[in-house]
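The structure under discussion appears below in the form of structure tokens.
Excluded from the calculations below are hydrogen atoms, water molecules and symmetry mates; all remaining heavy atoms, backbone and side chain alike, are included. Throughout, protein chains are lettered first and strands after them, A, B, ... in sequence-line order, and every chain is numbered starting at 1. Keep in mind that what you see is a predicted model, and the values were worked out from it rather than measured.
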Protein chains: 2
Amino acid sequence: MNALLTSSQRQLVRVISTSGPLSRTEMAQMLGLSKAAMSGIARELIDLGVLHETETVYGQGRPSVRLDLHPECAFFVGISLLEDPAPMILSDLNGRIIARRAMPLSRDPNVIADAITESLPDLLKAHPDAKEKLSGIGVALSGFVDETQSNCVQSTLLNWQDVPLARIIRERSGIDTFIENDAKAVAVSEKLFGSAREIQNFSVVSLGDGIGCAHFIDGKLYRGNHGGAGEIAHCTIEPGGAPCRCGKRGCLDTVSSMKAIKEVSRAEGLECTSLSDIEHEASTGNAAAIRILHRAGSALGLAIANLIQMNDPGMILITHVEGSFDGLFGTVVNQAIETNVLPRYAGQTPIRIKRVDGDVWARGAASIAAHNFLIGPNSN
Amino acid sequence: MNALLTSSQRQLVRVISTSGPLSRTEMAQMLGLSKAAMSGIARELIDLGVLHETETVYGQGRPSVRLDLHPECAFFVGISLLEDPAPMILSDLNGRIIARRAMPLSRDPNVIADAITESLPDLLKAHPDAKEKLSGIGVALSGFVDETQSNCVQSTLLNWQDVPLARIIRERSGIDTFIENDAKAVAVSEKLFGSAREIQNFSVVSLGDGIGCAHFIDGKLYRGNHGGAGEIAHCTIEPGGAPCRCGKRGCLDTVSSMKAIKEVSRAEGLECTSLSDIEHEASTGNAAAIRILHRAGSALGLAIANLIQMNDPGMILITHVEGSFDGLFGTVVNQAIETNVLPRYAGQTPIRIKRVDGDVWARGAASIAAHNFLIGPNSN
DNA sequence: GACACTAAGTTCAGAAAATGAACAAATCAA
DNA sequence: TTGATTTGTTCATTTTCTGAACTTAGTGTC
């Protein structure tokens with residue numbers, strides 16, 4: 001259905017999806033078209049059910065009518081391969097989750113494709129509308145994905161090397177499928193549906209067992225020359241520090257990831273199984289806990305400060321699954337950012353913290369499909 | 001003249017300027033146009049003197065004729081405000097320097113504008129062709145420039161704050177003028193004329209008294225949200241290290257800039273006035289010299305490695321005015337990059353070293369004008 | 001060297017898309 | 001109620017692009 005749109009129609013969809021609801025006149029200006037041309041294109045898209053009229057804005061003169069994407073003109077499935085069982089969601093064009101299922105995780109791409117295909121009818125059961133307008137499947141995974149969003153170049157977690165997962169799923173299910181790295185998927189979902197809608201340049205730092213990061217630059221996801229942009233976890237933060245599983249030493253990952261924090265705690269004899277536990281110990285004055293959180297927070301803050309210095313983003317979004325950022329750890333991170341950023345720019349880059357639930361990855365995955373529907377793969 | 005081009009014509013110019021000479025058929029494919037449309041557009045541009053036919057490529061079937069920009073269809077003036085006297089060059093569309101002058105440097109934008117305007121006739125004297133087709137003036141300076149490439153937001157060297165230099169020069173001279181930060185100007189000139197023509201993502205690190213850096217991302221100069229992208233010089237590289245003039249501590253600038261290296265050498269009692277001197281001392285076994293170069297090289301290498309980790313560029317271009325990269329310093333830099341980059345990616349990012357002469361900044365400045373002529377200011 | 005074969009580039013009628021100008025519609029302000 | 005103002009529509013006209021047939025300039029083969 002998306003392929004049936006003319007290039008002007010696609011442009012219009014793109015503008016609305018990045019700028020939100022707009023009047024016909026505003027869009028005409030943004031696209032450099034005449035009001036006459038806009039009028040026609042808008043009507044076509046309304047007739048196709050892609051756009052619909054929303055609020056009326058009153059000012060001087062005839063009020064303008066904002067057009068927005070019809071949230072139910074397309075539906076998407078998102079699957080996260082980061083947990084077992086793998087969460088699976090059905091979302092509309094606004095990123096709203098409509099249905100939720102889970103499927104067993106596997107390392108065999110064929111098994112995954114089959115599991116997805118078999119789970120689809122159940123996921124879509126109560127939603128005949130979505131069944132008909134299902135426009136794409138997105139998959140989030142830990143690893144590197146190439147720029148076609150079709151091949152997984154490498155994944156340690158899944159033990160993959162050049163697996164054309166999207167193609168396999170596409171063949172089994174018959175539905176347009178795209179895969180993406182976990183952090184990059186979250187960045188896309190924040191850009192489409194979240195707090196970054198109007199920000200052209202921002203970076204997402206996702207804090208969990210590992211540390212992920214993704215950049216949006218000039219309104220586009222930036223994946224780098226080998227798909228490795230955002231590999232902040234393996235920035236050297238303590239030269240000559242502890243060996244990392246990547247082969248080098250002193251990576252941020254060895255200091256500030258939840259996994260690292262917990263391991264160091266255990267090594268120091270703390271009986272803690274979660275960040276909250278350690279935070280609690282620290283608040284009661286446990287020197288080891290304080291030291292650990294301080295070290296982890298300073299390292300993460302320094303890495304983020306360096307990121308700000310290098311790329312000058314308009315926002316840093318830190319997402320975390322575990323614990324909270326109100327304790328010592330969060331305080332130290334913020335402090336470290338402040339002290340390591342050019343004083344001239346200190347406080348200029350908003351740092352937003354977002355506690356995310358178990359749906360993030362699946363929602364991110366769905367947003368990859370949505371992005372391909374709205375913006376297209378090559379962003380031309 | 002540029003404003004007279006239709007949007008298709010501009011697109012074509014843009015494609016050629018980024019991809020080099022192409023046949024009509026190739027361009028038709030790249031722009032998604034029919035051969036018929038291309039034929040017409042190409043003829044128009046040839047008639048206008050913007051394009052010309054170059055080599056003929058023989059294959060199966062009728063040979064294709066590559067079209068390229070006519071190097072003499074536009075000329076540009078570039079001025080560097082980094083030295084006194086300020087170098088001033090005249091270049092063609094290939095970046096070839098045709099004439100060279102110098103003018104006295106001033107901190108008063110009006111005086112600069114007058115000096116440029118007065119120097120122009122002399123610069124253009126022997127080149128009536130260039131006089132007629134002069135299409136823009138570019139100015140490179142040390143400091144922050146806004147995204148319109150018209151205002152200098154801040155310059156420590158020139159002691160400026162929000163100076164609309166481009167507008168002033170434009171008014172005096174009557175010629176389209178754009179200004180740019182020094183490192184960013186060099187990056188643009190490398191993209192247009194240098195070794196980065198076909199690379200979409202790369203970073204330039206310019207090593208001189210200070211350390212500058214600029215990123216090209218997805219084929220575009222990336223300036224960041226506040227124009228501060230590439231401020232690698234003030235990444236914290238030695239936490240808690242020596243105080244920097246920026247107000248914080250341990251910045252790369254305090255360790256690896258030529259100024260810092262020389263200052264530390266002097267403080268350590270070495271009688272050295274240039275990098276070559278220190279390199280020479282090191283090669284004769286002077287422990288202090290070795291230590292200084294090692295520290296500076298490791299720091300710069302680490303910063304570049306972090307840059308590679310974060311942005312995964314397709315190339316790093318290190319430009320340096322002074323000394324050479326064949327000695328200890330260069331070796332240590334390369335080593336530090338290797339050891340601090342994910343082993344998986346080690347050696348994957350080409351590091352090119354370029355010794356630049358006194359023309360770099362003025363040539364970079366001219367390329368800013370050329371870029372605005374070829375690609376346009378907003379890159380739509 | 002004649003012949004088919006291939007692919008580049010051109011031509012031109014016709015289709016598609018965008019424009020400009022006039023106009024209808026919906027509100028505010030007085 | 002009237003005028004001002006701005007949105008959005010309509011339609012004839014212009015601009016731009018396409019498709020298909022054609023010309024051109026080579027290669028490869030016998």
Side-chain angles (χ1 to χ4, degrees), chain A residues 1-16 19-70 376 380, chain B residues 2-16 19-70 376 378 380:
Chain A
M1 113 88 129
N2 205 13
L4 308 175
L5 300 184
T6 66
S7 107
S8 312
Q9 289 174 336
R10 302 211 52 152
Q11 269 191 71
L12 210 160
V13 167
R14 219 171 297 157
V15 165
I16 294 194
S19 307
L22 294 167
S23 72
R24 298 180 223 295
T25 310
E26 287 167 323
M27 291 188 285
Q29 282 172 351
M30 291 179 88
L31 295 180
L33 290 178
S34 64
K35 287 192 297 173
M38 263 312 306
S39 185
I41 298 167
R43 190 180 32 249
E44 290 160 17
L45 285 172
I46 290 171
D47 290 348
L48 282 168
V50 177
L51 293 186
H52 67 165
E53 302 194 335
T54 57
E55 352 120 73
T56 308
V57 179
Y58 300 91
Q60 223 168 17
R62 175 172 168 177
S64 62
V65 179
R66 294 234 168 100
L67 300 181
D68 200 0
L69 292 162
H70 192 98
N380 356 301
Chain B
N2 205 15
L4 307 176
L5 301 183
T6 67
S7 108
S8 311
Q9 288 172 336
R10 302 211 52 150
Q11 270 190 70
L12 211 159
V13 167
R14 220 172 296 158
V15 164
I16 295 194
S19 306
L22 294 167
S23 72
R24 294 167 172 80
T25 309
E26 287 168 321
M27 290 189 286
Q29 281 172 351
M30 292 179 87
L31 294 180
L33 290 177
S34 63
K35 287 194 296 173
M38 261 313 307
S39 185
I41 298 167
R43 189 178 34 247
E44 290 160 17
L45 285 172
I46 290 172
D47 290 348
L48 282 168
V50 176
L51 294 186
H52 67 162
E53 302 194 334
T54 56
E55 351 120 73
T56 307
V57 180
Y58 300 91
Q60 226 168 14
R62 176 172 168 178
S64 62
V65 180
R66 294 234 168 100
L67 301 181
D68 199 1
L69 293 162
H70 193 99
N378 333 333
N380 355 301

Is there a side-chain contact between [X] and [Y], using heavy atoms and a 4.5 Å cut-off?
X     : Y     : value
A:L12 : A:L5  : no
B:P21 : B:E55 : yes
A:S19 : A:M30 : yes

Phosphate OP1/OP2 of [N]: any [X] side-chain N/O under 4.0 Å:
X     : N      : answer
B:S39 : C:dT10 : yes
A:S8  : C:dA18 : yes
A:S23 : D:dT7  : no
A:R43 : D:dT10 : yes
A:T6  : C:dA16 : no

5' to 3', nucleotides 19-30 of chain D under a 4.0 Å protein heavy-atom cut-off (B base, S sugar-phosphate only, - none) gives B---BBBBS---
Please state how far atom [atom1] in [X] lies from atom [atom2] in [N], giving the value in whole angstrom units.
X     : N      : atom1 : atom2 : result
A:L22 : D:dT7  : CG    : C1'   : 14 Å
B:I41 : D:dT15 : CD1   : P     : 15 Å
A:L12 : D:dG8  : CG    : P     : 12 Å
A:R66 : D:dT7  : CZ    : P     : 12 Å
A:E26 : D:dT6  : CD    : P     : 14 Å
B:Q29 : D:dT18 : CD    : C1'   : 16 Å
B:M27 : D:dC17 : CE    : C1'   : 16 Å
A:R24 : C:dA26 : CZ    : C1'   : 13 Å

Separation between OG1 (B:T25) and NZ (B:K35), nearest 0.5 Å, reads 6.0 Å
Q) Checking side chain to side chain contact (heavy atoms under 4.5 Å, CB included) against B:D68, which of B:L51, B:L22, B:I16 comes through? A)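 That would be B:I16; it is the only one of B:L51, B:L22, B:I16 passing the side chain to side chain contact (heavy atoms under 4.5 Å, CB included) with B:D68.
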Original post:
Considering the options B:R10, B:Q9, B:Q11, which one meets the side chain to side chain contact (heavy atoms under 4.5 Å, CB included) requirement together with B:S7?
Top reply: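 Output: one option passes, namely B:Q11.
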On a heavy-atom basis, the closest approach of A:S34 and A:A28 is O-CB, 4.0 Å
Of A:V65 and B:M38, the one whose nearest nucleotide on DNA chain D sits closer to the 5' end is A:V65
